[in-house]
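The structure appears below as structure tokens.
Source: prediction; values computed, not measured.
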Amino acid sequence: MNADINFYFDPVCPFAWMTSKWVRQVQAQREYTVDWRFISLRLINATVDYDAQFPPEYEAGHTAGLRLLRVAARARAEHGRESIARLYEVFGTHIFEAAPDTDGQRSEAEVRERRGTQEFVEPVLAQAGLPLELAEALDDDSWDWEIRQETDEALGLTGKDVGTPIIHFEPPAGVAFFGPVISRLPDDQSAGELWDHVVGLARFPGFAELKRSLRERPQLPALGVSSGAVGQQEDWHGGSRRQKK
């Protein structure tokens with residue numbers, strides 16, 4: 001597919017979801033075409049000691065993300081690349097746009113693990129207008145080769161010390177970058193301005209990195225931050241919140 005933007009996402013990454021909402025704003029304004037592609041946080045961290053490097057719920061979340069990408073890979077193979085835009089939109093809405101479970105019935109790890117189950121996926125597929133039998137791909141690791149190839153493709157554009165999302169603008173020769181990591185959704189006017197600034201900076205041949213590890217929690221109901229509110233600031237390192245000593 002020849003697209004203006006290749007957007008590599010893991011469906012369980014809140015920052016990828018936040019950035020994707022912004023990219024959809026820009027897409028509508030500029031009439032860009034977007035190819036929604038795969039990058040797996042679980043495969044990126046395949047050799048990482050999760051207990052030592054991440055908060056306790058991350059392994060369950062990243063594994064669920066890989067399982068959802070298997071479903072997406074089968075959907076793409078059987079229903080075309082255009083099916084992924086809607087499927088990712090519904091994944092993100094179910095994962096991030098609902099208020100968190102406050103009744104205490106499930107731990108955070110259990111909440112994240114459930115996202116990789118048939119119980120979670122089948123209503124998503126129905127809402128996306130896709131057959132429920134695609135959920136059978138959750139346990140089919142034969143799709144992992146394709147997901148790994150696309151993950152390697154994304155990392156080949158930016159280097160390996162990154163996370164999600166990765167954006168490739170005007171492929172194959174155009175600029176690619178990790179992020180931008182944003183916690184607030186801009187208004188429509190600011191969305192286009194932000195896009196121009198990000199692409200303009202990334203296009204400078206000598207540019208490599210502009211970064212701060214302090215991040216606000218994204219304005220997403222599932223993270224307890226409503227639209228217009230400012231999330232708690234956290235210090236991030238190596239793809240996760242820094243562990244408290």
Side-chain angles (χ1 to χ4, degrees), residues 1 6-17 20 35-92 94-96 106-158 160-166 168 178 238-240:
M1 175 181 178
N6 291 341
F7 188 104
Y8 297 84
F9 71 93
D10 187 307
V12 300
C13 176
F15 291 103
W17 172 244
S20 78
D35 188 19
W36 302 93
R37 299 191 175 199
F38 310 143
I39 180 171
S40 168
L41 290 168
R42 189 65 185 86
L43 295 181
I44 288 175
N45 295 292
T47 61
V48 169
D49 182 345
Y50 270 84
D51 290 337
Q53 298 295 324
F54 291 115
E57 66 273 13
Y58 268 50
E59 185 169 16
H62 288 180
T63 300
L66 175 58
R67 290 167 64 80
L68 295 180
L69 286 175
R70 292 170 180 168
V71 175
R74 179 174 170 184
R76 187 171 67 182
E78 297 182 6
H79 300 277
R81 304 187 78 88
E82 62 277 4
S83 67
I84 303 305
R86 177 61 177 158
L87 181 58
Y88 181 29
E89 182 180 32
V90 183
F91 274 148
H94 279 250
I95 294 171
F96 298 115
R106 291 192 182 101
S107 67
E108 181 60 26
E110 290 170 332
V111 169
R112 297 188 183 209
E113 185 175 21
R114 179 183 173 274
R115 295 168 184 166
T117 65
Q118 207 163 344
E119 175 191 14
F120 176 84
V121 168
E122 286 187 345
V124 169
L125 291 168
Q127 189 174 339
L130 292 167
L132 301 189
E133 57 263 28
L134 294 178
E136 296 169 4
L138 286 165
D139 299 309
D140 186 354
D141 63 7
S142 69
W143 295 105
D144 292 4
W145 183 89
E146 181 177 339
I147 297 165
R148 183 178 294 279
Q149 291 298 306
E150 216 145 284
T151 297
D152 290 344
E153 174 184 290
L155 296 180
L157 296 167
T158 60
K160 295 182 179 180
D161 190 21
V162 296
T164 60
I166 288 174
H168 191 184
F178 159 55
S240 70

Which pair of heavy atoms, one from Gln118 and one from Ala135, lies closest together, and at what distance?
-> CG-CB, 3.9 Å

Is there any salt bridge (Lys or Arg N to Asp or Glu O under 4.0 Å) pair reaching into residues 136-145, and which pairs are they, with sequence neighbours excluded?
-> Arg67-Asp139, Arg70-Asp144, Arg74-Glu136

What is the distance from atom CG of Asn45 to atom CZ of Phe54, rounded to the nearest 0.5 Å?
-> 4.0 Å

For the residue pair Gly65 and Asp10, what are the closest heavy atoms and their distance?
-> CA-OD1, 3.7 Å

Check side-chain hydrogen bond (donor to acceptor under 3.5 Å, both in side chains) between Trp36 and all other residues, then give those that pass, not counting sequence neighbours.
-> none

Looking at Ala75 and Ile84, what are the two nearest heavy atoms and their distance?
-> CB-CD1, 4.4 Å

Atom CZ in Phe7, atom CD1 in Ile166: separation rounded to 0.5 Å?
-> 10.5 Å

Backbone of Ala16 reached by a side-chain donor or acceptor of Thr164 within 3.5 Å = no

Taken to the nearest 0.5 Å, the spacing of Leu125 CG from Leu87 CG works out to 6.5 Å

Quick one: are Leu68 and Phe91 in side-chain contact, heavy atoms under 4.5 Å?
-> yes

Looking at Glu108 and Arg112, does any basic side-chain N land under 4.0 Å from a carboxylate oxygen?
-> yes

Answer whether the closest heavy-atom distance between the side chains of Trp143 and Leu69 falls below 4.5 Å.
-> no

Contact check, side chains of Leu66 and His62, non-hydrogen atoms, under 4.5 Å = no

If you measure from CZ on Phe38 to CZ on Phe9, what distance do you get to the nearest 0.5 Å?
-> 5.5 Å

For His79, side-chain hydrogen bond (donor to acceptor under 3.5 Å, both in side chains) partners two or more places apart = none

Would a distance-only check, ignoring hydrogens and angles, find a side-chain to backbone donor-acceptor pair under 3.5 Å from Thr63 to Ala60?
-> no

OH of Tyr58 to CG of Asp51, rounded to nearest 0.5 Å, is 14.5 Å

Listed by chain and number, what are the side-chain hydrogen bond (donor to acceptor under 3.5 Å, both in side chains) partners of Thr158, not counting sequence neighbours?
-> none

Residues that Glu82 engages under salt bridge (Lys or Arg N to Asp or Glu O under 4.0 Å), provided they are two or more places apart = none

For Arg148, enumerate each residue passing the side-chain hydrogen bond (donor to acceptor under 3.5 Å, both in side chains) test, keeping only those at least two apart in sequence or located in another chain.
-> none

CD1 of Ile147 to CD1 of Ile39, rounded to nearest 0.5 Å, is 12.0 Å

Check each of Glu153, Glu150, His168 against Arg37 using the side-chain hydrogen bond (donor to acceptor under 3.5 Å, both in side chains) test, and report the only one that passes.
-> Glu153

Student check: side-chain heavy atoms of Phe120 and Ile95 closer than 4.5 Å | yes

Do Val162 and Leu155 have side chains that get closer than 4.5 Å, going by heavy atoms?
-> yes

Check whether any side-chain heavy atom of Arg42 lies under 4.5 Å from a side-chain heavy atom of Tyr50, and answer yes or no.
-> yes

